S.K.: 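Got a structure here, written out as C-alpha cells. Questions coming.
Predicted model, so just to flag it, every value in this text is computed and none were measured. Each residue takes its place number in the sequence, starting with 1.
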Amino acid sequence: MATPDNQTVDTAEKIFIGKGEQSAWLTLALANRHGLVTGATGTGKTVSLQVMAEGFARAGVPVFAADIKGDLSGISEVGEAKDFILKRAADIGLLFQVDQFSTVFWDVFGEQGHPVRATVSEMGPLLLSRMMDLNDVQEGVLNIAFRVADEQGLLLLDMKDLRAILSFIAEHAGELTTQYGNVSKQTVGTIQRQLLVLENQGGDKFFGEPALDLKDFMRTDRDGRGMVNILVADRLMQSPRLYATFLLWMLSELFEQLPEVGDPPKPKLVFFFDEAHLLFNDAPKALMEKIEQVVRLIRSKGVGVYFVTQNPVDVPDKVLAQLGNRVQHALRAFTPRDQKAVAAAAQTFRPNPKLDTAQVITQLGKGEALVSFLEGNGIPAIVERVMVRPPTARIGPITPEERRTIIDNSPVKGKYDTAIDSESAYEVLQKRVAGASGAGGGILGQIGGIVGTIFGANTPRGKLSTGQLVARSVTRSVTNKVVGGVVADLGKSVGGSLGGSIGHAIVRGALGGLLRR
C-alpha cells in the first residue's frame with residue numbers, strides 16, 4: 001500500500017490519473033493534442049472518462065461529454081467514500097476527498113436536459129447527406145438545393161424549410177438543370193423520403209431555433225471550475241448515424257467559430273466523443289478527409305478531442321496519429337480477430353522494456369489501464385501499467401429528481417427550452433405561390449416583403465433567426481441595390497440579385513456548415 005503524499009494530487013499544470021510503478025500525469029499544456037480511451041465493455045472506460053473530466057473541471061477547463069448509458073451523470077452529485085474507493089485511493093497513495101461538479105444537461109429530444117438545436121443551414125449539405133445516408137447523386141441534388149437557397153436568400157431553419165426548397169427545385173428542375181446540373185423529380189422524391197426517416201428518428205426536434213450557441217459550453221462556475229456539459233445520449237444512440245453526425249457538427253462548429261490560440265497553457269474546452277467508431281463507420285472518403293482535417297487543426301483552437309471506443313483499430317490511422325494521450329483498458333483475445341486487435345493496440349504505444357504490452361492488455365483488471373501521456377516537447381511517455389484513481393464525485397447515474405433540480409437551476413434555463421418558428425424559406429415560398437397578385441404595391445411591394453422577411457423587418461423584435469442575423473450582418477448595403485438589381489431580374493428569379501449578394505457573403509466551412517464571421 002502506498003503512503004498518501006502531496007505528489008498525488010492535481011497541480012496547476014497536471015492532472016493525476018493513476019499510479020503503478022510511476023504516477024501517470026496528464027499535462028494540461030499538452031491536453032489539446034487529443035487523446036484516446038479504449039477497452040472492452042465493463043473494463044472501466046467510463047470511470048477513466050469521469051476521472052479525466054473531473055480533473056479538467058478542477059483546472060478550470062469546460063468539458064463536453066456524451067453520456068451513452070447515463071453513468072456519467074453522477075459527476076453532478078457528491079461522491080461517496082465507500083470501502084472499495086478508499087482502498088483503491090490508499091493503494092495508489094491518494095488522500096481521497098469527495099467532491100461534485102457544476103453540470104449542465106443537454107438532450108436533443110429535450111426530455112432529460114436542455115434542448116439542443118441547429119438550423120438546417122448551419123448543418124450544411126455534407127453532414128446532412130451523411131445523416132440521411134444519401135448516395136452521390138442525391139447529395140449532389142441536396143447541394144443544389146442549398147446553393148439555390150443561399151443565392152436567393154432563403155433561410156433554411158427547420159425541416160419544413162428543407163422540404164419547401166426541395167419542392168421548389170423539383171418544380172423548376174428544367175431551369176435548374178441547365179445552370180447547375182441534372183435535377184430529377186425522382187431524386188428529390190428519394191431525398192424527401194429520407195427526410196421522413198430522419199424526422200421519425202427525432203430530426204424534427206433537432207432542426208430549428210433557438211439554435212445552440214457553443215459559447216454556452218465554454219463556461220466556468222463561480223468557483224472558477226469548468227462546467228461539465230453532458231449530452232444525454234441513451235435515446236439518441238438508437239439512431240447511431242444521427243448521434244455521430246450531430247457530434248461531428250458540434251466539432252466542426254467549434255473548429256469554424258473559435259479563434260486560433262496556438263498551444264495555450266490549458267485547453268479552452270475538452271470534448272469527449274463516446275462510441276467514436278460510429279463517426280467513421282461507412283463514412284465516404286470525402287467526409288473522412290474533412291474529419292481528419294478538423295481533428296488535425298482544431299488543436300490550435302485550444303480544443304482537445306478525446307475519442308472513447310473499444311479498440312484503437314476503430315479509429316482510422318490518420319486520425320489515430322493525432323491522438324497523443326492514450327488510456328488502454330483490457331481487451332479480450334478469444335478469437336484470431338481479437339488477437340490481431342490486441343497486437344494492433346499494443347503497437348500504438350511507446351514500448352516499455354519491463355512490459356510485454358500485448359500480453360498485459362489481456363490481463364488488466366477492472367480499473368487498471370495501460371497509460372501513455374505526452375510529456376516534454378510532446379513526446380509520448382513510455383507505456384505504464386497503472387491503477388486509475390477513483391472519481392471524487394458519485395459513480396453511476398443520478399435520480400430523475402436530482403436531474404430535474406439541476407436543470408431547474410441551470411445557467412441556461414429558459415434560453416433554449418421553448419422552440420421558435422421564425423419566418424423562413426417555407427413561409428417565403430408560400431407567399432410567392434400566393435403570389436404576385438396579393439402583394440401590395442406591385443413588384444416593389446413584393447420586393448419589400450421579401451427584403452423584410454430576409455432581414456427580419458417583418459419579424460417581431462427579439463425573434464430574429466440565426467440566418468437573419470447572419471444575413472443582416474453581411475449585407476447591410478444590399479438594400480441600396482434592390483431597385484436596380486432585383487426589379488430587372490424579378491421575372492426570372494424573385495430576389496435573385498439580393499440572394500446573389502447574400503450567397504457571395506455567406507460562405508460555408510470545411511464541413512459545409514454556415515460560416516459566421
Side-chain angles (χ1 to χ4, degrees), residues 108 117-209 211 236 238-246 248-249 252 278-279 281-288 290 421 424-430 432-433 467 493 499 503 506 508-509 511-514:
V108 167
R117 300 184 189 88
T119 67
V120 169
S121 193
E122 284 174 319
M123 178 65 70
L126 179 61
L127 292 181
L128 200 57
S129 296
R130 159 77 166 155
M131 194 178 284
M132 292 191 290
D133 196 22
L134 301 184
N135 63 29
D136 290 345
V137 173
Q138 294 155 1
E139 183 179 347
V141 171
L142 188 63
N143 272 281
I144 292 172
F146 272 79
R147 178 68 178 271
V148 170
D150 284 351
E151 289 185 348
Q152 297 207 16
L154 296 171
L155 306 176
L156 302 180
L157 304 181
D158 52 27
M159 299 290 269
K160 70 178 186 299
D161 291 326
L162 186 54
R163 287 194 178 282
I165 194 66
L166 286 169
S167 297
F168 176 83
I169 68 169
E171 292 166 7
H172 298 82
E175 307 159 38
L176 294 172
T177 294
T178 58
Q179 186 173 357
Y180 299 107
N182 188 45
V183 177
S184 73
K185 292 184 179 181
Q186 291 83 358
T187 301
V188 172
T190 301
I191 299 173
Q192 294 277 31
R193 287 194 295 275
Q194 290 299 100
L195 276 177
L196 181 60
V197 174
L198 185 59
E199 285 181 21
N200 291 338
Q201 293 179 350
D204 56 329
K205 295 182 181 295
F206 172 56
F207 291 109
E209 291 192 306
L236 185 60
Q238 297 173 21
S239 307
R241 193 177 295 273
L242 177 61
Y243 166 79
T245 311
F246 165 65
L248 182 57
W249 165 76
S252 67
L278 296 172
L279 175 60
N281 284 354
D282 303 320
K285 183 179 178 182
L287 180 58
M288 282 300 305
K290 299 293 187 182
D421 188 11
S424 48
Y426 173 79
E427 289 80 10
V428 172
L429 291 172
Q430 288 283 86
R432 287 191 193 177
V433 172
S493 172
I506 297 180
R508 296 189 174 275
L511 290 172
L514 197 65

S.K.: Which residues satisfy the salt bridge (Lys or Arg N to Asp or Glu O under 4.0 Å) test with Glu427, sequence neighbours excluded?
M.R.: Lys160

S.K.: Restricting to ring pair (Phe, Tyr, Trp, His ring centres under 6.0 Å), what partner residues turn up for Tyr426, sequence neighbours left out?
M.R.: none

S.K.: Please give me the minimum heavy-atom distance between Leu156 and Thr119, naming the atom from each residue.
M.R.: O-CB, 3.8 Å

S.K.: So, for Ala211 and Ala118, which heavy atoms are closest and what is the spacing to 0.1 Å?
M.R.: CB-CA, 4.3 Å

S.K.: Would you sort out whether Leu142 and Leu162 count as a side-chain contact (heavy atoms from CB on, under 4.5 Å), showing the intermediate values?
M.R.: CA-CA 9 Å; Leu142 188 63; Leu162 186 54; 4.1 Å; yes

S.K.: Once ring pair (Phe, Tyr, Trp, His ring centres under 6.0 Å) is applied, what residue pairs with a partner in residues 119-138 remain, sequence neighbours excluded?
M.R.: none

S.K.: I want to check something: taking the side chain as every heavy atom from C-beta on, are Glu139 and Leu126 in contact at a cut-off of under 4.5 Å?
M.R.: yes

S.K.: Does any N or O in the side chain of Thr177 come within less than 3.5 Å of the main-chain N or O of Val183, such that one atom is a donor and the other an acceptor?
M.R.: yes

S.K.: I'd like to check Tyr243 versus Val108 (side-chain heavy atoms, cut-off strictly below 4.5 Å). Are they in contact?
M.R.: no

S.K.: Leu128 and Val120: which non-hydrogen atoms are nearest, and at how many Å?
M.R.: CD2-CG1, 4.1 Å

S.K.: Is there a side-chain contact (heavy atoms from CB on, under 4.5 Å) between Leu198 and Met159? Walk through the geometry before answering.
M.R.: CA-CA 10 Å; Leu198 185 59; Met159 299 290 269; 4.0 Å; yes

S.K.: Excluding sequence neighbours, so at least two apart, what forms salt bridge (Lys or Arg N to Asp or Glu O under 4.0 Å) with Asp161?
M.R.: none

S.K.: Would you mind reporting whether Asn281 and Arg241 have side-chain heavy atoms less than 4.5 Å apart?
M.R.: no

S.K.: What residues form a side-chain hydrogen bond (donor to acceptor under 3.5 Å, both in side chains) with Arg147, not counting sequence neighbours?
M.R.: Glu151

S.K.: So which heavy atom on Val428 is nearest to which on Leu154, and how close?
M.R.: CG1-CD2, 3.6 Å

S.K.: OG of Ser121 to CG of Asp150: how many Å apart, nearest 0.5 Å?
M.R.: 5.5 Å

S.K.: In Å, rounded to the nearest 0.5 Å, how long is the span from CZ of Arg130 to NZ of Lys290?
M.R.: 15.5 Å

S.K.: Could you state the interatomic distance from CE (Met131) to CG (Leu127), rounded to the nearest 0.5 Å?
M.R.: 7.0 Å

S.K.: Kindly write out the residues that satisfy side chain to side chain contact (heavy atoms under 4.5 Å, CB included) with Ala244, not counting sequence neighbours, or none if the list is empty.
M.R.: Leu278

S.K.: Can you see which heavy atom on Lys185 is nearest to which on Ala170, and at what distance?
M.R.: CE-O, 3.3 Å

S.K.: Testing the basics here: between Ser167 and Gln192, what is the closest heavy-atom pair and its distance to 0.1 Å?
M.R.: OG-NE2, 3.5 Å

S.K.: So how far is it from Trp249 CH2 to Thr245 OG1, rounded to the nearest 0.5 Å?
M.R.: 12.5 Å

S.K.: For Arg193, give me all partners under salt bridge (Lys or Arg N to Asp or Glu O under 4.0 Å), at least two apart in sequence or on another chain.
M.R.: none

S.K.: Under the ring pair (Phe, Tyr, Trp, His ring centres under 6.0 Å) rule, what pairs show up with a residue in residues 173-195, not counting sequence neighbours?
M.R.: none

S.K.: Is the backbone of Glu175 close enough, under 3.5 Å, to the side chain of Thr178 for a donor and an acceptor to pair up by distance?
M.R.: yes

S.K.: Could you tell me the separation between the OG atom of Ser424 and the CG atom of Leu155, rounded to the nearest 0.5 Å?
M.R.: 6.5 Å

S.K.: Below 4.5 Å, heavy atoms only, C-beta onward: do Phe246 and Met123 meet side chain to side chain?
M.R.: no

S.K.: Please collect all side-chain hydrogen bond (donor to acceptor under 3.5 Å, both in side chains) contacts where either partner lies in residues 194-206, sequence neighbours excluded, each pair once.
M.R.: Arg163-Glu199

S.K.: In chain order, what residues pass the ring pair (Phe, Tyr, Trp, His ring centres under 6.0 Å) check against Phe207, with sequence neighbours excluded?
M.R.: none

S.K.: To the nearest 0.5 Å, how far apart are CG in Asn143 and CG in Asp136?
M.R.: 10.5 Å

S.K.: Quick one: side chain to side chain contact (heavy atoms under 4.5 Å, CB included) partners of Leu279, sequence neighbours excluded?
M.R.: Leu248, Phe273, Ile291, Phe307

S.K.: Can you name the side-chain hydrogen bond (donor to acceptor under 3.5 Å, both in side chains) partners of Ser184, sequence neighbours left out?
M.R.: Thr187

